[in-house]
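For reference, the structure discussed in these notes is given below.
For the numbers below, each heavy atom of this structure counts, side chains included, while hydrogens, waters and symmetry mates do not. Keep in mind that what you see is a predicted model, and the values were worked out from it rather than measured.
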Amino acid sequence: MSGPLQKLAGGLRVAYTFPPCPSAGKPSRGRMRSSCVLLTALVALAAYYIYIPLPSSVSDPWKLMLLDATFRSAQQVSNLIHYLGLSHHLLALNFIIVSFGKKSAWSSPQVKVTDTDFDGVEVRVFEGSPKPEEPLKRSVVYIHGGGWALASAKIRYYDELCTAMAEELNAVIVSIEYRLVPKVYFPAQIHDVVRATKYFLQPEVLHKYSVDPGRIGISGDSAGGNLAAALGQQFTQDANLKNKLKVQALIYPVLQALDFNTPSYQQNVNTPILPRYVMVKYWVDYFKGNYDFVQAMIVNNHTSMDVEEAVALRARLNWTSLLPASITKDYKPVVQTTGNARILREIPQLLDARSAPLIADQEVLRHLPKTYILTCEHDVLRDDGIMYAKRLESAGVEVTLDHFEDGFHGCMIFTSWPTNFSVGIRTRNSYIKWLDQNL
């Protein structure tokens, strides 16, 4: 079979052209023809599965399609395992992720890496080389992403990120291996990161790692950014903490579950690697909720006008006033007149500021440290970060909003082959540069 195979999607036409099959001897011509047809069909199916329409401005689009296809395949395998009753789909999916990416605590001449525990919470500690002129080091407590259910401080992506931070900042990086869904649910993840961080902030522990108590920051990406923001807010209200955090750095953080129709949710509804439907499911999983609620939550039925609990909080994430016109464009708010009050009755955690730091009181926000927020254009969570930056700025907090027009969700950890993206390298360099200048 030869000639172009065409696929239409979103008005974009992509043609795949296959070369003619090589000639074969007469005795096997029929078999060769069948093999060629089968091969062509398999290649066409693979191309159909991999290809998705993406904006031209996104970084390395074909590489992103391959990454997305790989992740979707892993999700489908884990769903099959769940369907067969062999394991929970999230446990199966995380087993696949960790199995292909786990890395031992390997030290180098520049960075010492050790696995230990802080008050019963597993951590991986990265220590930059000591310098005579700097007897005390800076430090960052890092919290990995993964929808509160996936990934690990011990997989290659986060190990490489924290190693780079420790070396380039000459710092001590504490990467927390908090417990995940479905073994635990909200707020157990927050308890883990709070417990480990409080343990680390003890004078005798800081002394052991030669850390300057006045130069400690908290950071995290995606769901880890959510946990870092929650921890930062909790620490500002803890009068017993002697050592306060100097900075917080939030990488494309997820910060609210009240409105799944912000402009970025509408714009990136099917954008890899975090489509809107998947993000809403992560929220439901985090709270051990009912999957029957997912479709209703996608159209904001859980925060409709007749749901009294949500009315008072809606102003705190009114994106028509918090986002600039260049972001809001022609998008319209989705506010239902009547909805499903049962959702909040069964999942009241949706309105808890510990799960949704964006809706915290202004008084809480004004005590937060200097903040860095990194956002990506092709990400459903873009507006969460931008709105949080605006609320913090209004509360008098010094904020740096670092936006990447060609970025996508998760890009900062993709910096090495075969998942090396140009925007991944640029976001990581920008993030570490800000820490170097402000910590």
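For the atom pair CG of N94 and OG of S152, the computed distance is 7.5 Å after rounding to the nearest 0.5 Å. With rounding to the nearest 0.5 angstrom, the CD1 atom of I425 is 7.5 Å from the CG atom of N429. The distance from atom CG of N261 to atom CG of D383, rounded to the nearest 0.5 Å, is 11.5 Å. Between atom OG1 of residue T262 and atom CZ of residue R276 there is a gap of 9.0 Å, rounded to the nearest 0.5 Å.
Within a 6.0 Å sphere centred on NZ of K390, heavy atoms belonging to other residues, nucleotides or ligands number 12 at most. For K288, the NZ atom is loosely surrounded, since the number of other residues' heavy atoms within 6.0 Å does not exceed 12. The local environment of OH in Y291 is crowded, with over 12 non-hydrogen atoms from other residues, nucleotides or ligands closer than 6.0 Å. Other residues, nucleotides and ligands contribute at most 12 non-hydrogen atoms within 6.0 Å of the CD atom of E398. For Q237, the CD atom is densely surrounded, since the number of other residues' heavy atoms within 6.0 Å is greater than 12.
Counting heavy atoms from C-beta outward, H191 and Y178 have side chains that stay 4.5 Å or more apart. The closest side-chain heavy-atom distance from L322 to R391 is below 4.5 Å. At least one side-chain heavy atom of P213 sits less than 4.5 Å from a side-chain heavy atom of N243. Using a 4.5 Å cut-off on side-chain heavy atoms (C-beta onward), C411 and C376 make contact. Contact of the Y277 side chain with the Q295 side chain is registered, since non-hydrogen atoms from C-beta on lie closer than 4.5 Å.
Taking the centre and axis of the six-membered ring of Y209, the NZ or CZ atom of K137 falls outside the cone set by 45° and 6.0 Å.
Residue pairs meeting the salt bridge (Lys or Arg N to Asp or Glu O under 4.0 Å) criterion with at least one partner in residues 430-439, sequence neighbours excluded, are R138-D436.
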- request: Any chance you could lay out the salt bridge (Lys or Arg N to Asp or Glu O under 4.0 Å) test for K208 and E204, step after step, and finish with the verdict?
  value: CA-CA 6 Å; K208 174 184 175 181; E204 60 271 23; over 6 Å; no
field: Test side-chain hydrogen bond (donor to acceptor under 3.5 Å, both in side chains) applied to T328 and W319, step by step
entry: CA-CA 8 Å; T328 58; W319 55 261; over 6 Å; no
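Looking at F287, W283, F186 one by one, the single match for ring pair (Phe, Tyr, Trp, His ring centres under 6.0 Å) with W148 turns out to be W283. When the options E405, M65, H378 are evaluated for a side chain to side chain contact (heavy atoms under 4.5 Å, CB included) with V58, the one that passes is H378. A side chain to side chain contact (heavy atoms under 4.5 Å, CB included) with Y372 is found for exactly one of L401, V247, I251, L435, namely I251.
Judged by distance alone, the side chain of H89 and the main-chain N or O of N79 form no donor-acceptor pair under 3.5 Å.
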